[in-house]
Amino acid sequence: MGIIIKPLVTEKMTKITEKMPNRFGFIVRPDADKLAIKKEIEALYNVTVVAVNTMRYAGKNKSRYTKAGLIKGRTNAYKKAIVTLKEGETIDFYSNI
């Protein structure tokens with residue numbers, strides 16, 4: 001099983017990529033470190049990674065009212081990595097659709 005779970009394609013990440021065209025976001029496994037993330041990105045996308053920034057997000061408690069009553073749950077905790085590539089390089093997530 002790989003370290004990278006999925007690329008982040010959200011409005012917020014798209015704004016970051018538009019402002020700085022060599023930054024991309026990924027959801028990664030919580031036990032992954034920066035060096036492992038760098039190696040995996042370079043191997044998967046054939047690019048040169050300059051920097052990796054990671055953030056850990058805790059799961060949040062959620063509840064909603066339904067006909068059956070109050071339903072409580074929790075969202076998953078995850079780790080996000082923002083990868084900065086060498087100037088001029090880019091990753092195209094939509095090429096193999």
Side-chain angles (χ1 to χ4, degrees):
M1 188 169 158
I3 292 171
I4 296 170
I5 296 172
K6 64 181 179 179
L8 266 178
V9 185
T10 59
E11 286 184 33
K12 186 174 184 179
M13 201 62 232
T14 305
K15 283 186 180 184
I16 291 172
T17 303
E18 285 174 358
K19 200 189 288 188
M20 295 169 231
N22 58 342
R23 286 202 180 175
F24 297 92
F26 296 91
I27 300 290
V28 296
R29 290 182 41 199
D31 58 339
D33 60 342
K34 291 182 181 187
L35 293 175
I37 295 168
K38 178 180 176 177
K39 272 194 229 176
E40 181 110 1
I41 296 289
E42 288 177 345
L44 277 176
Y45 296 104
N46 297 324
V47 292
T48 306
V49 176
V50 175
V52 177
N53 299 85
T54 58
M55 294 150 266
R56 296 181 70 120
Y57 289 90
K60 296 180 181 177
N61 291 323
K62 301 276 185 170
S63 62
R64 65 176 190 234
Y65 294 99
T66 64
K67 240 187 231 187
L70 181 67
I71 296 176
K72 292 185 178 182
R74 187 167 178 85
T75 61
N76 293 333
Y78 62 97
K79 188 173 191 176
K80 182 165 74 171
I82 306 294
V83 177
T84 306
L85 304 180
K86 194 170 102 176
E87 201 64 40
E89 291 187 349
T90 185
I91 297 173
D92 186 17
F93 294 127
Y94 305 109
S95 64
N96 59 357
I97 292 179

Value for OG1 (Thr48) from CG (Leu85), rounded to nearest 0.5 Å, stands at 8.0 Å
Sequence neighbours excluded, the answer for side chain to side chain donor-acceptor pair (under 3.5 Å) partners of Thr54 is none
Practice task
Check the hydrophobic clustering (I, L, V, M, F, W, Y; side-chain heavy atoms under 4.5 Å; chains of links allowed) and say if Val49 and Leu44 are grouped together.
Solution key: yes
Self-check item: Side-chain heavy atoms of Val52 within contact of Ile82, under 4.5 Å
Solution: no
Applied to residues 25-47, the ring pair (Phe, Tyr, Trp, His ring centres under 6.0 Å) test, sequence neighbours excluded, yields Phe26-Tyr45, Phe26-Phe93
- prompt: For the side chain of Lys79 and the backbone of Ala32, is there at least one donor-acceptor N/O pair under 3.5 Å apart?
  reply: yes
**Request:** Say whether Val50 and Met20 are linked into one hydrophobic cluster, either directly or through other cluster members, by side-chain heavy-atom distances under 4.5 angstrom.
**Result:** no
Hits for side-chain contact (heavy atoms from CB on, under 4.5 Å) against Ile27, two or more places apart or cross-chain, chain-then-number order -> Ile5, Lys6, Leu8, Tyr78
field: Chi angles and distances behind the side chain to side chain contact (heavy atoms under 4.5 Å, CB included) call for Lys62, Thr75
entry: CA-CA 7 Å; Lys62 301 276 185 170; Thr75 61; 3.9 Å; yes
For Tyr65, the other hydrophobic cluster members (4.5 Å side-chain criterion, sorted by chain and number) are Leu70
Between Ile4 and Ile41, the two heavy atoms sitting closest are CD1-CD1, 3.1 Å
Residues pairing under salt bridge (Lys or Arg N to Asp or Glu O under 4.0 Å) where one sits in residues 31-57, two or more places apart or in two chains, turn out to be Arg29-Asp31
All heavy atoms of Met13 vs all of Phe24, minimum pair found to be CE-C, 3.8 Å
So side chain to side chain donor-acceptor pair (under 3.5 Å) across residues 12-24, not counting sequence neighbours, yields Arg23-Thr84
| said: Main chain of Ile71, side chain of Ser63: is a donor-acceptor contact present, judged purely on distance under 3.5 Å? | reply: no
